[in-house]
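Protein chains get the first letters and strands the later ones, always in sequence-line order, with residue 1 at the start of each.
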Amino acid sequence: MDSDLYLYNTLSRKKEQFQPINPPFAGMYVCGPTVYGDPHLGHARPAITFDIVFRYLQHLGYKVRYVRNITDVGHLVADLDEGDDKIARKAQLEQLEPMEIAQYYADRYFIYMDALNVKRPSIEPRASGHMIEQILMVKQILDAGYAYEVNGSVYFDVEKYSKTHEYGKLSGRVLEDLISNTRSLEGQEEKRHPADFALWKKAQPEHIMRWPSPWSDGFPGWHLECSAMSTKYLGEYFDIHGGGMDLLFPHHESEIAQCQAAIGHESVKYWMHNNMITIQGQKMGKSLGNFITLDEFFTGKHASLEQAYSPMTIRFFILQAHYRSTLDFSNEALQAAEKGLKKLMTASETLNKLVPSEATAPDSGISELVNSIYSAMNDDFNSPIVMANLFEGVRMINSVADKKETISKADLALLKNIFNTFLFDILGLKNEKTNDQPELLDGLMQLVLAIRQKSRETKDWGTSDQIRDGLQKLHITVKDGKEGSSWNIE
RNA sequence: GGUUUCGUGGCCGAGUGGCUAGGCAGCGGUCUGCAAAACCGUCCACAGCGGUUCGACUCCGCUCGAAACCUCCA
């Protein structure tokens, strides 16, 4: 099963043809959220990026197993002296089990990702549910001689590993630089080498999340869960591993080392990384305190938001940039996205009402449109180009509706197919209008517009405008065309 | 300091060695009772300086500027 799909592999820093290991199956692992805070705009980017990858691979006919983890381990420290871990504080103050906090935010994550029309992955494993696998992997690495135990903690021996393997190949780092640049942090004295990282950490008394292990009551190292769970569900060698660029080092670098040490070979064929969302040129992130939660976007309740932005506006906004570029947030950009989305959705409604003619005139090249959309997707998931092409389709649709152009039956079917396939199925955008009683509303509107038409015929503009303005207040726009008036819910 | 990546018009954002990105906003026009929407036309670019080339926004070098990672973070 050969495909024309090319994707950018961070490991080689080149676009490579996608050739799955076991076609028609495709395995994909993406680093999911750490559930100790409300999901924000930054969470939406990888979720949507890899949602597109998931959807497109399925569209191409692959049987995709998409695994995205939930990190619910090791970040909840009850020590209130340092940091601003409000969740731990909350857990302690309200006498909550830490897992209650994790559950709460995991649920929140699902709700908001559903709102963004992000498909649920095939498997969403939790780190806390895979202690056995993680402990087993630590043992494997110890047995292989690439780890050592100190006081109940186990560390990965980066120095030894780097003698026979290239630690830093993914992020382009050199070990010597890592030595000289690593800060001396508390608790590092146990490590033989500053670049070593924890596979298992003995829990300090204040650490409230802990599990028994052969070495100590403690918790697994940050990088371990992904290696253990990807191996469990996707095997020792799988196709795609994705995540945010900020995870490149040390997280993914360490995953590579862990798998190499435990299994004896690398586990990932293609590494994909989405770029960050910035706010005034700076990364939007938890640590910087400049993030805006999805809930705040949807409700408009945040000081830097001029209005509320719907889930699909956010999705459109994100898809209008290529996933490997930074994307700068601003009200202006969001408002542009909102208008663009509306234009696209209105056109998709118009499309369903279009009447075909004998031929397409002028010959506007709808099949070329299809080709260039596929080329764009195949070129490392270039969603902005896909959208630009869809807007070309919008122009055609509106021109036909305006009777300035005509479209053949075959071309119309083709155009409908493109919109259904790409706009809705692959880009995953959807019409957000809600209408529970379409017949009732339609009947009412026909009546109201008939009355207005009468007033227009007698040039009673006062009544005519009163009706139109009144409807506008209810977010129903009336458009007067050559063949009577039409209406639209905003 | 090291690693990685950028610098495109009023805003957001694609792309290419010579030929239109696209969206939003602006301007002019068509349509309309007036609008709205739509369509047509149009203005505004490729950080700076060198080099390669018949030709560079696109390749190379330097300068300036910005970001991410090196510590939990999507």
P atoms of B:C57 and B:U20, separation to the nearest Å | 16 Å
Given the P atoms of B:C44 and B:C6, what is the spacing between them in whole Å?
-> 29 Å
CZ of A:R324 versus P of B:U4: gap in Å, rounded?
-> 16 Å
Encode nucleotides 26-37 of chain B as B, S and - characters from 5' to 3', where the letter depends on protein heavy atoms closer than 4.0 Å: B to the base, S only to sugar-phosphate, - to neither.
-> -------BBBBS
Atom P, compared across B:G55 and B:G65: separation rounded to whole Å = 32 Å
Nearest-angstrom distance, C1' atom, B:G1 to B:A14 | 35 Å
Cationic tip of A:R324 above A:Y8 ring, under 6.0 Å, 45° of axis = yes
So do the side chains of A:M396 and A:I407 get within less than 4.5 Å of each other, counting heavy atoms only?
-> no
Mapping A:L341 and A:R13 to their closest nucleotides on RNA chain B, which lands nearer the 5' end?
-> A:R13
Considering only the P atoms, how many Å lie between B:U5 and B:C11, rounded to the nearest integer?
-> 27 Å
Could you tell me whether the side chain of A:R315 and the main chain of A:L116 form a donor-acceptor pair under 3.5 Å?
-> yes
First encountered from the 5' end of RNA chain B, between A:P250 and A:C31 | A:P250
Between B:C60 and B:C27 - P atom distance, rounded Å = 41 Å
Who are the side chain to side chain donor-acceptor pair (under 3.5 Å) partners of A:S128, not counting sequence neighbours?
-> A:D72
Lys/Arg cation over aromatic A:Y323: A:R45, 6.0 Å, 45° cone | no
Dot-bracket for RNA chain B, please, read 5' to 3', with Watson-Crick or G-U wobble pairs under 3.5 Å on both distances, ( ) within the strand, [ ] crossing, | other strand, . unpaired.
-> (((((((..(((.....[...))).(((((.......)))))....(((((..]....))))))))))))....
Are any of A:S325's side-chain N or O atoms less than 4.0 Å away from OP1 or OP2 of B:C6?
-> no
Are A:D328 and A:S330 close enough that a side-chain donor and a side-chain acceptor fall under 3.5 Å?
-> no
